[in-house]
Protein chains: 2
Amino acid sequence: MKISAGYAKRKQRTILNVATDLFIERGYDGVSVDAIVKKAGGSKSNIYNYFGGKEGLFRAIVEDLSQQILSPLADAEIDSLPPQQALNVIGKQVLSVVLSDRAISLLRIVIGESQKFPELGNMFFTSGPKPCYERLTRYLEKQQNLGKIKPCNSQQATTQLIGMFLGFYQLQRLLGIIDAPSQEEITNIVDDAVNTFLEVYGIS
Amino acid sequence: MKISAGYAKRKQRTILNVATDLFIERGYDGVSVDAIVKKAGGSKSNIYNYFGGKEGLFRAIVEDLSQQILSPLADAEIDSLPPQQALNVIGKQVLSVVLSDRAISLLRIVIGESQKFPELGNMFFTSGPKPCYERLTRYLEKQQNLGKIKPCNSQQATTQLIGMFLGFYQLQRLLGIIDAPSQEEITNIVDDAVNTFLEVYGIS
DNA sequence: TTGCTATTATACCATACAGTATGGTACAGT
DNA sequence: ACTGTACCATACTGTATGGTATAATAGCAA
């Protein structure tokens, strides 16, 4: 059917990329369909044919971007590492992903439009934070069974650890009060949090 | 000069109250000036005379609301309490304020409009989170000097504690994934966080 | 009552926007 | 070369909005 499927696919990607940048920069209401078309080339018809309209395009973009940005959160390979290292690795992963400029911009939009697009919140959460949380919980459970850390409520412990990681930083980032932390700052934050955590839950 | 100053003040308050509800419910772009006028009575001229326009009204509202909602954060009287109780008191205060429906709605708007109104982030932060953080830091310093808790970097400890309080909850609230926690849940979260914290920093 | 000012109600303006319609063009398959 | 489809450029439609102007009214001071 699709005669020039390759072309259409390419065009769709161009539109997605261009619109992504615009939405991230100016928010949903700050970008007009005309502006997207002007920058992407082609005509409005594309957007309405491919994505069903501005809202459809927006949903597609947030879905795409959430995957793209957040999926690394669930990728950290920690299962074979001892606690000290595992928590360090996942902590650095979490901080550098979640506090990055792009992730914060995305999160701002998702939060800001959560009235108009209530399903996006769930999508965002499912694309990274949730699997990361679950992976960490499972890891802590396993380490308990192995006797490497003290018995505890692993869900609660995970919440506390992630809380210490993100702490005040995520809020301040969202409010535009601080910039993205450097690799060095991230290392310090994570080291301290892991130390505190293992002082309670670790086996000395 | 102002002949009926009392009347004007009253009218201003009415407009503020009405517009506050609307903005919180539908966001900045979701509310038209006409809608505000219609609900508040009077005419557009008021808004332009009193507040200089929609943006001015919005700024006034966010400022007003931030004070109103967040100032309790800095009010908790903890200086004379021992660590266990002090941290419990302030933790409950923080959680019940910050995770409340109104605070979350306000925060959503501030975050969502932080591109258009960059100064609001700072205002929000200064109205509650920051003084609360500073008060807690000072408290921990004092307790160190009194020998009631172990020597530590009090800023870092504060960040960790607040992080454990808010943990994942604030994010999930902002994304609309969970509802405001009950008083009981708050108690549990705070108890656990304080226990973890004091297990590291407390003097047994 | 006679002025004066703030408030109201309403109409108006310029603009911006989402979405649709249309007429023309590039190009694949035949 | 012919045909049909997808695409392009552009104009148009209807509506909503922020902000201004204006004329009438209400209420206070003297």
Side-chain angles (χ1 to χ4, degrees), chain A residues 1-62 109 112-113 115-117 120, chain B residues 1-62 109 112-113 115-120:
Chain A
M1 304 311 165
K2 302 267 175 151
I3 294 189
S4 49
Y7 186 88
K9 271 259 155 25
R10 222 160 41 239
K11 193 83 217 174
Q12 286 181 33
R13 269 256 65 94
T14 308
I15 292 175
L16 278 177
N17 291 337
V18 165
T20 297
D21 290 345
L22 287 175
F23 279 135
I24 280 211
E25 193 183 339
R26 305 190 215 159
Y28 181 77
D29 286 305
V31 179
S32 71
V33 178
D34 291 301
I36 299 171
V37 171
K38 189 171 175 185
K39 213 176 163 192
S43 86
K44 280 185 162 187
S45 324
N46 289 323
I47 292 180
Y48 289 89
N49 287 335
Y50 293 149
F51 305 102
K54 193 186 182 185
E55 297 201 356
L57 175 59
F58 183 66
R59 270 183 252 265
I61 282 180
V62 173
I109 291 180
E113 302 301 329
Q115 312 272 332
K116 203 169 193 167
F117 302 89
L120 294 189
Chain B
M1 310 309 162
K2 303 264 176 156
I3 294 188
S4 48
Y7 187 88
K9 271 262 160 10
R10 226 163 35 244
K11 194 83 217 176
Q12 285 181 32
R13 270 257 62 94
T14 309
I15 293 175
L16 278 177
N17 291 338
V18 165
T20 297
D21 290 346
L22 287 176
F23 278 135
I24 281 212
E25 193 182 340
R26 306 188 214 159
Y28 181 76
D29 287 305
V31 180
S32 70
V33 178
D34 291 301
I36 298 171
V37 171
K38 189 172 178 185
K39 216 176 162 191
S43 86
K44 279 184 163 187
S45 322
N46 289 325
I47 292 180
Y48 289 89
N49 287 334
Y50 294 151
F51 305 101
K54 193 186 183 186
E55 298 200 354
L57 175 59
F58 183 66
R59 271 183 251 266
I61 282 180
V62 172
I109 292 181
E113 304 299 331
Q115 311 273 332
K116 203 169 190 165
F117 303 90
E119 76 279 17
L120 294 188

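Protein chains get the first letters and strands the later ones, always in sequence-line order, with residue 1 at the start of each. Keep in mind that what you see is a predicted model, and the values were worked out from it rather than measured.
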Checklist line | Rounded distance (Å) that lies between atom P of D:dT17 and atom CZ of B:F58 | finding: 16 Å
Check: Between C:dA9 atom P and B:I36 atom CD1, what is the distance in whole Å?
Finding: 16 Å
For residues 17-30 of chain B, which side-chain N or O atoms pair as donor and acceptor with protein atoms under 3.5 Å away, sequence neighbours left out?
from: B:N17; atom 1: ND2; to: B:R13; atom 2: O; distance (Å): 3.3
from: B:T20; atom 1: OG1; to: B:L16; atom 2: O; distance (Å): 2.6

Item checked: Short side-chain to backbone donor-acceptor contact, A:K54 and A:V31, under 3.5 Å -> yes
Next item on the list: State the CD1-OG1 distance between A:I36 and A:T14, to the nearest 0.5 angstrom.
Entry: 13.0 Å
Notebook entry, point to check: According to a strict under-4.0 Å criterion, is B:Y50 in side-chain N/O contact with OP1 or OP2 of C:dT7?
Noted result: yes
Give each protein N/O atom lying under 3.5 Å from an N/O atom of nucleotides 23-26 of chain C, with the pair distance.
none

Next item on the list: Using a strict cut-off of less than 4.0 Å between a Lys/Arg side-chain nitrogen and an Asp/Glu carboxylate oxygen, indicate whether B:E119 and B:R59 qualify as a salt bridge.
Entry: yes
Next item on the list: Kindly write out the residues that satisfy salt bridge (Lys or Arg N to Asp or Glu O under 4.0 Å) with A:K44, not counting sequence neighbours, or none if the list is empty.
Entry: A:D34
Notebook entry, point to check: Which pair of non-hydrogen atoms, one from B:F51 and one from B:A60, has the smallest distance, and what is that distance?
Noted result: CD2-CB, 4.2 Å
Next item on the list: Could you list the residues that satisfy side-chain hydrogen bond (donor to acceptor under 3.5 Å, both in side chains) with B:S45, not counting sequence neighbours?
Entry: B:S43
Next item on the list: Strictly below 4.0 Å, heavy-atom distances to any atom of DNA chain D: list the hits from residues 37-49 of chain A, or just say none.
Entry: A:G42, A:S43, A:S45, A:N46
Checklist line | Integer-rounded Å distance: C:dT7 P and B:F51 CZ | finding: 12 Å
Check: Do any of residues 17-34 of chain A sit with a heavy atom less than 4.0 Å from DNA chain D, and if so which?
Finding: none
Next item on the list: Evaluate the criterion side chain to side chain contact (heavy atoms under 4.5 Å, CB included) for residue pair A:L120 and A:F58; output intermediate values, then yes/no.
Entry: CA-CA 10 Å; A:L120 294 189; A:F58 183 66; 3.6 Å; yes
Margin query: Do B:V33 and B:L57 make a side-chain contact, defined as non-hydrogen atoms from C-beta onward lying under 4.5 Å apart?
Written below: no
Note to self: Nearest 0.5 Å, please: how far is NZ in A:K11 from OH in A:Y50?
What the structure shows: 8.0 Å
